[in-house]
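What you are looking at is a predicted structure, and each value in this text was computed from that prediction instead of being measured. In what follows, chains carry the letters A, B, and so on, assigned in the order in which the sequence lines appear, proteins first and then strands, with residues in each chain numbered from 1.
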Protein chains: 2
Amino acid sequence: MTVDTSARIRAAALELFSAHGYEQTSLREIADQVGITKASLYYHYPSKQALLSSLVDPLVEDSRAVIDEAERLEPTPENVRAVLGRQLDTILREQSLCGLLVRDAVAMIAVLAPRWEELLGLQSRMYAWLAGPGASPSRCVRAMAALETLAVPLKAAGQLPPIDEDELRTTLLDAALAVLGLH
Amino acid sequence: MTVDTSARIRAAALELFSAHGYEQTSLREIADQVGITKASLYYHYPSKQALLSSLVDPLVEDSRAVIDEAERLEPTPENVRAVLGRQLDTILREQSLCGLLVRDAVAMIAVLAPRWEELLGLQSRMYAWLAGPGASPSRCVRAMAALETLAVPLKAAGQLPPIDEDELRTTLLDAALAVLGLH
DNA sequence: GTCTATACCAGGATAGAC
DNA sequence: GTCTATCCTGGTATAGAC
């Protein structure tokens, strides 16, 4: 077999981390879920931190791709909507991982220090692009608020009303554009 | 003296919790900062959890007051702006504590279980009032997004552009109203 | 590749003296 | 109100057998 034990470990870790948080999840719980022992985890990942990184790294690269592409475009209303749409798709696709990053931010900062700085840098580039060149402070704040809008499904988890995914997507994009003053 | 050691403990705890997170802050660090020993903390607070509660409880009561008052009003544009303004004032006044709740949510859930449910309940009431009676799912999502907008200063901390408090306040309120489609 | 066993350390909490 | 000393739990990590 060896149906990629590493992948099964990652899956279990993501599930438990996002359910109970990083600090609150012990390596023993992860091992139990996979059906191996704690010590065996150390064969696949040298530390709890490395395991977390293996989950987060691909997301960082995805985000970088979205921003790199955005910066090649003018921030016209159509382009803004398209870029925010791509960002929202990433968030919805990687919902549990993104939720972990948001709800367990302090643990992430502590454990991912360098990677976290990278993420902040990527976010700043996105803010700047959304706000446009030479934007006022007020406009920058609105750009931040627009991105927060897309993150609503990550925090509200249990509080979201029953709504189908397409309608959710459209609603959030419309709301984000409204924050930016583009309709 | 005894210039209220309990108060000094609370101040130190708030500072350290919001800087490094709840789990990452040890009772020893708090004690050191106050200039007493770990054991002495236990004279003032029976547990780490109780210490956290003593910080959070007043905020919960403040929030309840805002919502109780909102529910006595019709959600007209003027009233919505006034209520959101009061909510924003609370957030800005208790910025480090609110930031802790947002950034360290998983730890808060684990430690404050009952109190956390209360907070969620209060939030739901606010969503419901903002969205108005019999609101569509889409409108509820917008109400959530409007509240998230007010929380921007809590996450962006280091990324906020230099901006004076009044302008920040106006910008966020305008943005929140835009999300709700009220101008 | 996985297991058993174990060393190690940190943090929360308590007992009892002053 | 504060201290010293100590207990206990639980998580990290390693060694070495299978």
* **Under 3.5 Å: donor-acceptor pair, side chain of B/Gln49, backbone of B/Val111** => yes
* At under 4.0 Å, does any side-chain N or O of B/Ser40 touch on OP1 or OP2 of D/dC3? -> yes
* Look at A/Thr5 and C/dT2 and indicate whether a side-chain polar atom (N or O) is within less than 4.0 Å of OP1 or OP2. => yes
Each nucleotide N or O in nucleotides 12-16 of chain C that has a protein N or O under 3.5 Å away: list the pair and distance.
from: C/dG12; atom 1: OP1; to: B/Lys48; atom 2: NZ; distance (Å): 2.8
from: C/dG12; atom 1: OP2; to: B/Leu27; atom 2: N; distance (Å): 2.8
from: C/dG12; atom 1: N7; to: B/Lys38; atom 2: NZ; distance (Å): 3.0
from: C/dG12; atom 1: O6; to: B/Lys38; atom 2: NZ; distance (Å): 3.4
from: C/dA13; atom 1: OP2; to: B/Tyr42; atom 2: OH; distance (Å): 2.7
from: C/dA13; atom 1: OP2; to: B/Lys48; atom 2: N; distance (Å): 3.1
from: C/dA13; atom 1: O5'; to: B/Tyr42; atom 2: OH; distance (Å): 3.1
from: C/dA13; atom 1: N6; to: B/Lys38; atom 2: NZ; distance (Å): 3.3

* Send over the distance from A/Arg8 CZ to C/dT2 C1', rounded to a whole Å. => 12 Å
Solution key, residues 172-183 of chain B side-chain donor-acceptor pairs under 3.5 Å, sequence neighbours excluded:
from: B/Asp174; atom 1: OD1; to: B/Arg81; atom 2: NH1; distance (Å): 2.9
from: B/Asp174; atom 1: OD1; to: B/Arg81; atom 2: NH2; distance (Å): 3.1

* Can you name the closest pair of heavy atoms from A/Gln87 and A/Leu150 and give their distance? -> CG-CD1, 3.9 Å
* To do: Using atom CG of B/Asp32 as one end and atom P of C/dG11 as the other, report the distance to the nearest whole Å.
  => 11 Å
* Taking only side-chain nitrogens and oxygens of B/Tyr43, does any of them come within less than 4.0 Å of OP1 or OP2 of D/dT2? -> no
* So is B/Lys48 actually on top of B/Tyr22's ring, under 6.0 Å and inside 45° of the axis? -> yes
* Asked: Rounded to whole angstrom units, what separation is found between the CD1 atom of A/Ile36 and the C1' atom of C/dT4?
  -> 15 Å
* Can you tell me the distance, in whole Å, between the NE2 atom of A/His44 and the C1' atom of C/dG1? => 6 Å
* Asked: Quick check: does any side chain N or O of B/Arg139 sit under 3.5 Å from a backbone N or O of B/Ala131, one acting as donor and the other as acceptor?
  -> yes
* Gap between atoms CD and P, on A/Gln24 and C/dG11 respectively (whole Å) -> 15 Å
* For the side chain of A/Arg103 and the backbone of A/Gly21, is there at least one donor-acceptor N/O pair under 3.5 Å apart? -> no
* **CD (B/Glu61) with more than 12 external heavy atoms under 6.0 Å** => yes
* To do: Round to the nearest Å and state the distance from A/Ile30 atom CD1 to D/dG11 atom C1'.
  => 12 Å
* To do: Rounded off to whole Å, could you give me the OH-to-P distance for the B/Tyr45 and D/dT2 pair?
  => 12 Å
* Asked: According to a strict under-4.0 Å criterion, is A/Thr37 in side-chain N/O contact with OP1 or OP2 of C/dC3?
  -> yes
